[in-house]
Amino acid sequence: MRFPYDPENFPLGKGPMVMLILFLISCLFIFAPADEAEKELEFWVFAPTHYEEYQARLPIYKTSHPDVNVQLINFGGTMHDKLLTALLSDFGAPDIVEVEINSIGRFLKGDIDEVGFVDLRPRLESEGWLDQFVISRFTPWSYGDKIFGIPHDLHPVVLLYRDDLFKTAGVEMAEIETWDDFIVAAKEATRDLDGDGEIDQYAIVLDNKTESDYMNLLLQRGGGFFDVKGNVIIDSEIAIQTLEFFTSLFNEYKIATPVYGTWHGDPSNYAAMQDGKILSILAPDWYVGLLQSQVPQMSGKWKAISMPAWEIGGRRTTTRGGTMIGITKQCENPDLAWELLKFTYFDRSSLINRYETTLIIPPLKAAWDAEALKQPLEYLGGQPLGELFIELAPELPPRYQNPYWSEAADLLNDAIFAAVTQKQTPRQVLTELAEKVRSIIAKDKERWGIVATNEN
Amino acid sequence: MKTKRDRYTLWNQQQKFAPYLFIAPFFILFALFMVYPLISSLVMGFYEMRGFKSRIFVGFENFTDLFRDPIFWKSLLNTTYFALGTLLLQLPIALFLAILLNAKFVKGKNFLRLAFFTPVLVAGVFVAIIFNLIYDQRAGLINNEFLLFGKEIGWLSNPRYVMLAVILTGVWQWAGFNMIFFLAGLQGIRQELYEAAAVDGANWWQSFIHITLPSLRPVIAFVVVVSMIGSFQLFDLPFILTNGGEPADAGTTIVMYLYKNGFQFMRLGYAATIGWVLFIIIAIISIAQLKLLGIFREE
């Protein structure tokens, strides 16, 4: 057989001809019409654990929606930057997306009507979902009278402690009710074991470099950085007193050690826990799940109690972290996206599965009576942790969202470190901080002439 | 009807344009992905975003704000500190390693060359994670195994040591890379020069000062300028090592501050301003270095 065309006659020889043919063929694929019958939904997440959970459950969704093709993508930590770029350029955003609590603020800047997420309040109200949730968990994802996301979690916080080591120190932690009780107990348990003048075992580990643990305490007391109307309240008496208390745990009572490494989930912090250098930690549900998967060798050594209260009968928990799911305004089929959203966030069996794999308590009350949540947890020596979390859930403090939270948190980190290292007093740092953030907001208001408030 | 002559001119015409067509793809891409963003970022520096859709002209306000911004100055100081560390610690070490590897008495040169070069192949993110463990105050390798100064040092928790930790990590990662350039330069120096100097009675140090260094001048200029540019663009290493600049912004670099403003605070105009100020700083430093090292001097 002969080729109808001799490749040797091609102007630049055989190689370039092959390349040209390949180029033309691949062009055919690119411009080929997409399969019209399939409906596409793009779904971005940033947490690997969420990705695994949804990926495993997609086949179930597919059985009821065979014509919908869901593209689930995990972008990790850089997802929020990608989402921001996509929303800014009005192109390339997914239909459904999960957003982390510390990152949501920046998406709320400018006019509330320009926010890139669909307001879900009408759907939630008309379908009667609002009452079925712990309502305070909508506050991080709401701005103005709009709700831009559905909460993924409750994230109540408990005090996780080493029962064995506290008992050795003669302390029964189950009897602790207030922070004053805790300090008395902690002084007993904070010890120099080898007599070299240096403390080897601290009663509690706290993050002195970021806002995390300080905000735990402040939210527990009913304070916050911003109030419901978006006012800066970080220089309120309650905030100052809380920071004074926080610094005293390090400097006056010397019962707290700064977190080892960069944060509580740092391998060196885990190492310090295993070495018995840390006796307790303020732990949200997801952190217990993290410990369980990252430090399985400590199984049976921890126990949990409600957080000590500020006064007898006071609130015994706080909230730390969180994720929402939302629909972007670039979504072409919001009804379809809403169906998928409900499947991932409102479905009882999926929420129970979530607790079983990550210990994350769902904010949907209907899932709380599930047997799985009442099971004794081996990691805590058989303590039914889910029950404790659900008992605390109604007390969960609200955490009001604000477009300036990212800037505020960045400055708050520095302020806390300065106070703990005694460069400045808590009153000084927080007063200066509040002024700084107020002036940033005032400047924008002056420039833009808008007043983005959170008034309902 | 076209004559043979006409066709000849057409052929001539296309011969004139063909070269431009061949180089066009580069220039189209360059204009699209370099020139356009550059100009648009310069324009952006004079605006500030108002949410996602609109922006407001603010004139030079971003620039005046920047010069009054204590965190910007702090990040400039941190970055300069790192750049000086590179210049005074990393590059001399790289040169020292190159001289060692160039010496006749050293065995296993190929292996050593590869070993010193390898760190540069590791992504900055992994380097940062590994060094996080090494620097750890309690459990870390340095404090635990060496206890260099008789007590635990908070490499990453004490603002005083944070940048030093970043510099030392930079040395580990980049010294071997720069060593390769120095090595290539050393091997290009003519052996006769040393022989002649030896005949004249010059000792090792004298030949180093009067032969090696002057001969290496172009290589030194290249390495210094490229390292300085790289130092001022430092981002991923301290970003992960210090969890975004903590504590107390001790690890914040200019590019990190740019990133925070642009992507975390949604102040794209301010971020663009930081980018242009950084560009000017790098340009001034690079030109000054090239001048000082005599690269513009006519031979």
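Naming: A, B, ... by sequence-line order, numbering from 1 per chain.
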Task: Shortest non-hydrogen separation from B:Ala248 to A:Phe417 and the atoms involved - done: CB-CD2, 3.7 Å
TODO: Can you see which heavy atom on B:Met266 is nearest to which on A:Lys109, and at what distance?
DONE: CB-CD, 4.1 Å
Open item on the list: So for atom CZ, which belongs to B:Phe26, do other residues, nucleotides or ligands contribute more than 12 heavy atoms lying within a distance under 6.0 Å?
Closed with: yes
Open item on the list: Tell me the closest heavy-atom pair linking B:Leu133 and A:Pro267, and the distance in Å.
Closed with: CD2-CB, 3.9 Å
Open item on the list: If we define contacts as heavy-atom pairs under 4.5 Å, which of B:Phe265, B:Tyr259, B:Phe263 has the most with chain A?
Closed with: B:Phe265
TODO: Provide the closest heavy-atom pair for A:Thr262 versus B:Leu241 in the form atom of the first, atom of the second, distance.
DONE: CG2-O, 3.8 Å
TODO: Go through the atoms of A:Ser103 and report whether side chain, backbone, both or neither lie under 4.5 Å from a heavy atom of chain B.
DONE: neither
Open item on the list: Is B:Asn132 close to chain A through its backbone or its side chain, or both, or neither, when contacts mean heavy atoms under 4.5 Å?
Closed with: side chain
Open item on the list: If I take atom CG from residue A:Asp266 and atom CG from residue B:Asn243, how far apart are they, to the nearest 0.5 angstrom?
Closed with: 8.5 Å
Task: Salt bridge flag under 4.0 Å for residues B:Arg267 and A:Asp444 - done: yes
- [ ] With side-chain contact (heavy atoms from CB on, under 4.5 Å) as the test, would you mind laying out the steps for A:Asp414 and B:Glu246 before giving the verdict?
- [x] CA-CA 8 Å; A:Asp414 293 355; B:Glu246 307 305 337; 3.6 Å; yes
- [ ] Heavy-atom distances under 4.5 Å only: say whether B:Ile56 touches chain A with side chain, backbone, both or neither.
- [x] side chain
Task: Pairing of B:Glu48 and A:Lys443 as salt bridge, 4.0 angstrom limit - done: no
Task: Residue part contacting chain B, namely of A:Ile416, when any heavy atom lies under 4.5 Å - done: neither
Open item on the list: I'd like to know if A:Arg447 and B:Glu61 make a salt bridge, using a cut-off of under 4.0 Å between side-chain N and carboxylate O.
Closed with: yes
Task: Distance, nearest 0.5 Å, that separates CG of B:Asp65 from CD1 of A:Ile440 - done: 10.0 Å
Task: More than 12 heavy atoms from other groups under 6.0 Å of CZ on B:Phe67 - done: yes
Task: Gap between atom CD1 of B:Ile71 and atom CD of A:Glu407 - 0.5 Å precision - done: 10.5 Å
Open item on the list: Less than 4.5 Å to any heavy atom of chain B: does that hold for the side chain of A:Asn208, its backbone, both, or neither?
Closed with: neither
Task: Exercise: do A:Ser268 and B:Asp136 side chains pair donor with acceptor under 3.5 Å - done: yes
TODO: Under 4.5 Å heavy-atom distance to chain A, tell me which part of B:Asn261 shows up: side chain, backbone, both or neither.
DONE: neither
Open item on the list: For A:Phe107, which atoms come within 4.5 Å of any heavy atom of chain B: side chain, backbone, both, or neither?
Closed with: both
Open item on the list: Counting only heavy atoms from other residues, nucleotides and ligands, does the tally under 6.0 Å from OH of B:Tyr36 exceed 12?
Closed with: no
Open item on the list: Taking CD in A:Glu198 as the centre, count heavy atoms belonging to other residues, nucleotides or ligands within less than 6.0 Å. Is the count above 12?
Closed with: no
